[in-house]
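All residue numbers in this chain count up from 1 along the given sequence. What you see is a predicted model, and the numbers here were worked out from it, not measured in a lab.
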Amino acid sequence: MQYGIPASLLASLLLTGCSLMPDWSAQNTTASQAQAVSDLKVPDGLSPAKKPSQYDIPPAPNAPVSEAELKSPMQVLALATNSRVEEEEKEARVWFERSEFTGELLPYLQQSIRTFGAEKNIEITQKDDQGLVFETGWVTRTEEEGWWWWKQMVDKEQSRFLLILDPKSHGRSIGVRSQLLEHRYLDDESRQLTPIAQKREEVYFLNRYIDQVATIELEQIKRKKAQLVKVNLTTGFDAEGNAVMLTSQNLDQTWLQLEVLFEQNGFAVTDLNRTSYTYYLSYKQPETGFWDSLWGAEEAMQLPLAEGDYQLVLKKHELGTSLSWRDSEGKVLSAELVNSLHQALLPMIQKAGLEL
């Protein structure tokens, strides 16, 4: 009797399960199958409620719902610091302003277009005498197909574009506009782009060019910053007449900055004595590994030192701080080697952004 009620309840649920579960097939009707809701019937003597029409979606004749564009619209990305996009812009266009990195803006943009074509392996031809219209060859878009070891890049579609420069009369602002000339799907040449898809292709190609300009600009900014770092490290002699390096920084500031320099350039600090301001170092020539070369890492800088152990002793000097380089036994290095080491350290100090 204790188990009779649960058993009967379970049996009833199994028998009526079909009516308890929602009919998903009925709910998942497509938009084209959905029926319009009829207007409310208003009783006699009452006026119908106002029905705003500004939110009505106009019908699209001869355009099935299945062909609607469901992709999000592309936006022009003004990635470069001297670029901007105007509000209410209808074209695939970006505006560039003259800056300290561009110099004369028109030659700068013309050269950047040629560089863009060379780096992306895109044929680009100047179409006018003023250098305001550039035409590309076929630009191929590929997709990855397959799986695991059998993945491969397959060409899907190709496009040809114009890059058009629109300079303002004062020459400090120039618009760059992309215009699709021709497009074809490689798997089905009968397919045609919709107007929205055409705009997306133009914006996508323009964004690739803007990214190229931003990359060049970033390299210029890095070089500019490296030049702005003031390195006043020089060579000279201490009171005993030994060759040393001299910096105007005080003893403690120099001590702290040197550890950053060591970490990035092949030195390992094996010991240190803060009381005597002495670093005990082990030097090994840095090497560019296989993965570094594969990813295009910069070649490691090397110093004119044999691999081994060294000491670097810091002392107060009338000009600031002296740096005395010595071998593992504490013998001061020759003036010739100190001068060579000084010249090799200067770009490393600039790259690290140190103030020595």
Per ring pair (Phe, Tyr, Trp, His ring centres under 6.0 Å), Phe267 is matched among Phe262, Tyr280, Tyr310 by Phe262

Are Val94 and Leu218 in one and the same hydrophobic cluster, where Ile, Leu, Val, Met, Phe, Trp and Tyr link if side-chain heavy atoms are under 4.5 Å apart? no

Check this for me, if you would: do Glu97 and Arg172 make a salt bridge, where the nitrogen-to-carboxylate-oxygen distance has to be below 4.0 angstrom? no

From Asn242 atom CG to Ser334 atom OG, the distance as rounded to the nearest 0.5 Å: 11.0 Å

Is it the case that one hydrophobic cluster holds both Phe161 and Ile174, taking links as side-chain heavy atoms less than 4.5 Å apart, direct or via other members? yes

Determine, for Tyr108 and Arg98, whether the Lys NZ or Arg CZ falls below 6.0 Å from the six-membered ring centre while staying within 45 degrees of the axis. no

Inter-residue atom distance Asn82.CG - Ser99.OG, 0.5 Å rounding: 4.5 Å

Output for pair (Glu86 CD, Glu91 CD), nearest 0.5 Å, gives 12.0 Å

More than 12 heavy atoms of other residues, nucleotides or ligands under 6.0 Å from NZ of Lys156: yes or no? yes

Nearest non-hydrogen partners of Gln249 and Leu356, listed with the distance: CG-CA, 4.2 Å

How close do Lys315 and Arg326 get, heavy atom to heavy atom, and via which atoms? NZ-NH2, 4.3 Å

Are Glu201 and Arg141 close enough for a salt bridge, meaning some N to O gap below 4.0 Å? yes

Assess whether atom CG of Asn121 is packed by more than 12 heavy atoms of other residues, nucleotides or ligands within 6.0 Å. no

Applying a strict under-4.5 Å side-chain criterion to I, L, V, M, F, W and Y, I'd like to know whether Val85 and Leu165 cluster together. yes

Does any N or O in the side chain of Gln311 come within less than 3.5 Å of the main-chain N or O of Lys331, such that one atom is a donor and the other an acceptor? no

Are there over 12 heavy-atom neighbours, none belonging to Glu143, within less than 6.0 Å of that residue's CD? no

Does the distance from a Lys or Arg side-chain N to an Asp or Glu carboxylate O, for Arg184 and Glu189, drop under 4.0 Å? no

Please examine the side chains of Leu312 and Trp255, heavy atoms only from C-beta on, and report whether any two atoms are closer than 4.5 Å. no

Leu246-Val338 co-clustered via ILVMFWY side chain contacts under 4.5 Å: no

Give the minimum heavy-atom separation between Gln212 and Thr115, together with the two atoms involved. NE2-CG2, 3.6 Å

Non-hydrogen side-chain atoms of Asn207 and Leu79 separated by less than 4.5 Å: no

Looking at Thr254, Asp252, Thr321, which one forms a side chain to side chain donor-acceptor pair (under 3.5 Å) with Tyr277? Asp252

Just by distance, no angles: are the side chains of Tyr279 and Thr270 close enough, under 3.5 Å, to form a donor-acceptor pair? no

Calculate, to the nearest 0.5 Å, the distance between atoms OG and NE2 belonging to Ser324 and His317 respectively. 11.0 Å

Could you go step by step and tell me if Lys284 and Glu307 meet the salt bridge (charged side-chain N to carboxylate O under 4.0 Å, His left out) rule? CA-CA 5 Å; Lys284 184 178 181 180; Glu307 294 185 353; over 6 Å; no

Hey, are Glu202 and Gln179 close enough side-chain-wise for a donor-acceptor pair under 3.5 Å? no

With the side chain counted from C-beta on, respond yes when Leu323 and Val244 share a heavy-atom pair under 4.5 Å apart, and no when they do not. no

Does a donor on one side chain sit under 3.5 Å from an acceptor on the other, for Ser248 and Asn232? yes

Output for pair (Glu104 CD, Leu109 CG), nearest 0.5 Å, gives 11.5 Å

For Phe205 and Phe116, I'd like to know if the aromatic rings sit close, meaning centre-to-centre distance below 6.0 Å. yes

Do Asn250 and Gln253 have a side chain donor and acceptor closer than 3.5 Å? yes

Heavy atoms of other groups near Glu219 CD, more than 12 under 6.0 Å: yes

Are a donor atom and an acceptor atom from the side chains of His183 and Glu157 found within less than 3.5 Å of each other? yes

Steps toward side-chain hydrogen bond (donor to acceptor under 3.5 Å, both in side chains) verdict (Thr81, Glu217): CA-CA 8 Å; Thr81 58; Glu217 184 185 65; 2.7 Å; yes

Report yes or no: do Arg114 and Ser112 form a side-chain donor-acceptor pair below 3.5 Å? no

Considering only heavy atoms from C-beta outward, does the side chain of Val269 approach that of Asp271 to under 4.5 Å? no

Show the nearest heavy-atom pair for residues Leu206 and Val176, with the distance to one decimal. CD1-O, 3.8 Å

Atom CD in Glu119, atom CD1 in Ile216: separation rounded to 0.5 Å? 6.5 Å

Specify whether Trp150 and Trp147 have parallel, tilted or perpendicular ring planes, treating 30° as the upper limit for parallel and 60° as the lower limit for perpendicular. tilted

Kindly give the heavy-atom pair with the smallest separation between Pro304 and Leu337, and that separation in Å. O-CD1, 3.1 Å

Any chain of hydrophobic side-chain contacts (each under 4.5 Å) joining Leu345 to Leu319? no

Is His342 reaching over with its side chain to a backbone N or O of Leu233, donor-acceptor style, under 3.5 angstrom? yes

Note, Tyr185 side chain near Gln158 side chain (heavy atom, < 4.5 Å): no

Side chains of Lys151 and Glu145: closer than 4.5 Å at any heavy-atom pair? no

I'd like to know whether CG of Asp187 has more than 12 heavy-atom contacts from other residues, nucleotides or ligands below 6.0 angstrom. yes

Heavy-atom count check: over 12 atoms from other residues, nucleotides or ligands less than 6.0 Å from Glu182 CD? yes

State, yes or no, whether a side-chain contact exists between Leu105 and Thr102 at a heavy-atom distance under 4.5 Å. yes

Check whether any side-chain heavy atom of Val332 lies under 4.5 Å from a side-chain heavy atom of Asp238, and answer yes or no. no

Within a reach of under 6.0 Å around CD of Gln220, are more than 12 heavy atoms found that belong to other residues, nucleotides or ligands? yes

For residues Leu180 and Arg160, report the shortest heavy-atom separation together with the two atoms involved. CD1-O, 3.5 Å

Compute both the distance and the angle, then confirm whether Arg177 meets the cation-pi test with Trp95: under 6.0 Å from the six-membered ring centre, within 45 degrees of the axis. no

